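To start, the structure under review is shown below, and the notes come after it.
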Amino acid sequence: MTETTGTPAVETIKTAIEDILKTIDQEREREIITRRFGLYERRETLEQIGELLGITRERVRQLEKAILARLKTAAADGKIPAISDAERLIIRDLSENGRVGRVQDVANRLSKDKASNNTRSHVAFIGELSPRFVIINETDNYHQGISIAENGNEKKVRGDIDSIVKTIKNHGQPIDIESLHGMLTFESPSQIRGLASLSKKLANLKDVWGLAKWPTVNPKNIRDKIYVILAGNG
DNA sequence: ACGTATGTCTGTGCACAGCC
DNA sequence: GGCTGTGCACAGACATACGT
């Protein structure tokens with residue numbers, strides 16, 4: 001296994017993850033967390049971890065829940081100092097980018113390149129533990145996201161995303177971020193951009209946003225692409 | 001539409017410690 | 001010894017996502 005060194009930000013977050021894991025006494029509990037969140041390798045299911053540990057998937061779920069609750073309390077009480085450096089980095093990044101966005105995009109920016117799966121998992125894990133963030137779980141309609149806690153809970157963020165999708169749908173054609181900002185009541189255009197990036201129903205071309213099914217923002221074949229170029233040239 | 005994989009909820013049994 | 005609370009572990013039922 002080769003160890004590559006990432007950017008200082010990526011290394012800081014990696015160190016935080018290691019320090020958090022050190023606060024878990026039992027080997028078994030560390031295994032559950034690292035494997036469930038894919039902190040070192042790819043994510044594993046409850047079933048796979050249960051098989052490894054010789055317990056049922058349900059017991060793994062119960063343990064995972066209990067461990068996370070413990071870690072969250074410790075993090076909220078400031079008992080995991082290592083987490084604060086990582087928090088600061090993520091908060092700074094989000095503050096510069098609309099206070100909300102895809103976990104993958106945050107990880108990419110911190111990596112100054114396409115982030116590794118590990119780095120993405122690390123960012124998501126910090127987001128899960130820290131009370132300063134809210135994680136938006138991935139579903140059919142949303143990418144995995146991270147938001148500053150002041151933006152509201154997961155449900156609120158999903159509602160905000162939905163309102164942007166609805167506005168674009170009603171508009172009926174691709175629209176730029178500034179125009180959307182004029183039509184909605186979000187604090188900044190970049191917040192709209194961050195929220196919109198979380199929707200799987202939306203796509204953008206040069207910061208002009210539309211429904212993902214519209215070829216004008218999401219050209220799928222050469223005909224669409226030619227159309228977009230011609231339309232762009234008037 | 002259907003079967004399969006995965007995750008979640010609920011109820012139950014067992015072991016153990018502390019207390020009377 | 002009997003009672004009670006707690007933690008651990010499991011099975012079954014159900015919900016949801018996903019692939020065919």
Side-chain angles (χ1 to χ4, degrees), chain A residues 17 20-77 79-80 100-108 114-131 133-147 149 151-166 168-169 194-203 211-215 218 220-221:
Chain A
I17 296 293
I20 292 164
L21 291 175
K22 277 182 202 157
T23 68
I24 305 174
D25 301 332
Q26 291 186 44
E27 172 70 22
R28 183 173 78 163
E29 298 192 340
R30 270 198 306 277
E31 286 286 340
I32 290 171
I33 294 301
T34 54
R35 289 172 188 274
R36 274 304 275 167
F37 283 86
L39 298 180
Y40 292 139
E41 304 194 20
R42 69 159 55 99
R43 285 179 65 111
E44 290 180 36
T45 64
L46 297 170
E47 186 91 44
Q48 288 170 320
I49 298 168
E51 202 166 316
L52 178 88
L53 300 176
I55 54 180
T56 61
R57 63 175 193 233
E58 171 58 14
R59 186 56 192 147
V60 177
R61 192 190 67 81
Q62 291 171 349
L63 289 169
E64 181 197 343
K65 191 178 166 190
I67 302 160
L68 279 180
R70 231 168 52 216
L71 289 176
K72 280 182 185 183
T73 304
D77 294 346
K79 286 177 183 159
I80 311 179
V100 55
R102 280 195 214 180
V103 169
Q104 180 71 62
D105 291 342
V106 173
N108 288 349
K114 168 102 170 101
S116 68
N117 286 342
N118 276 353
T119 301
R120 184 172 42 69
S121 299
H122 292 174
V123 171
F125 187 56
I126 299 286
E128 192 71 46
L129 289 193
S130 167
F133 305 110
V134 165
I135 289 289
I136 291 84
N137 288 302
E138 185 179 3
T139 66
D140 284 356
N141 295 333
Y142 311 94
H143 294 285
Q144 184 187 38
I146 180 165
S147 164
N151 288 340
N153 62 18
E154 184 178 4
K155 195 177 168 192
K156 163 80 164 48
V157 174
R158 286 187 199 276
D160 288 345
I161 297 166
D162 292 345
S163 73
I164 293 169
V165 173
K166 197 173 158 193
I168 293 174
K169 196 183 275 182
L195 288 165
S197 74
L198 290 184
S199 174
K200 290 186 181 177
K201 291 182 179 174
L202 299 179
L211 298 189
K213 60 187 175 191
W214 293 349
N218 194 15
K220 287 199 165 56
N221 52 40

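Here is the naming used below: chain letters follow the sequence lines, and residue numbers restart at 1 for every chain. Computed from a prediction, not measured in an experiment: that's the story for all the values here.
- To the nearest angstrom, P of C/dC10 lies 7 Å from CD1 of A/Ile55.
- The shortest non-hydrogen separation linking A/Leu211 to A/Ile168 is N-CG2, 4.1 Å.
- If you check distances only, the side chain of A/Gln62 never reaches the base of C/dC8 with a donor-acceptor pair under 3.5 Å.
- Rounded to whole Å, atom P of C/dA9 lies 15 Å from atom CZ of A/Arg61.
- When every heavy atom of A/Ile146 is checked against every heavy atom of A/Val123, the shortest pair comes out as CD1-O, 4.3 Å.
- Contact between the side-chain N/O atoms of A/Arg28 and the OP1/OP2 oxygens of C/dA9 is found at a separation under 4.0 Å.
- Look at CG on A/Leu46: it is 16 Å from C1' on B/dT4, rounded to the nearest Å.
- Heavy atoms of A/Arg43 sit nowhere under 4.0 angstrom from any nucleic acid atom.
- In this entry the distance linking CD of A/Glu58 with P of B/dG13 reads 17 Å, nearest Å.
- For the pair A/Leu63 CG and C/dA9 C1', the interatomic distance rounds to 9 Å; values are reported in whole Å.
- Between A/Arg59 and C/dC8 there is a side-chain polar atom (N or O) within less than 4.0 angstrom of OP1 or OP2.
- Checking A/Thr56 against A/Thr139, the closest nucleotide of DNA chain C that is more toward the 5' end is the one next to A/Thr56.
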Quick one, A/Lys166 with A/Asp162, criterion salt bridge (Lys or Arg N to Asp or Glu O under 4.0 Å). Give me CA distance, side-chain angles, the key distance, then yes/no. CA-CA 6 Å; A/Lys166 197 173 158 193; A/Asp162 292 345; over 6 Å; no
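- Remark: A/Gln48 CD is packed, more than 12 non-hydrogen atoms of other residues, nucleotides or ligands lying under 6.0 Å away.
- For the pair A/Asn137 CG and B/dT6 C1', the computed distance is 15 Å after rounding to whole Å.
- Under 4.0 angstrom from either OP1 or OP2 of C/dA11 there lies no side-chain N or O belonging to A/Arg57.
- Summarising the geometry, the separation between NZ on A/Lys65 and C1' on B/dT6 is reported as 17 Å, rounded to the nearest angstrom.
- Checked against A/Phe125 for a side-chain contact (heavy atoms from CB on, under 4.5 Å), the options A/Thr34, A/Leu68, A/Val103 give a single hit: A/Leu68.
- Proximity of A/Arg36 to the phosphate of B/dG7: a side-chain N or O atom is located under 4.0 Å from OP1 or OP2.
- Note: NZ (A/Lys200) to P (C/dA17) measures 11 Å, nearest angstrom.
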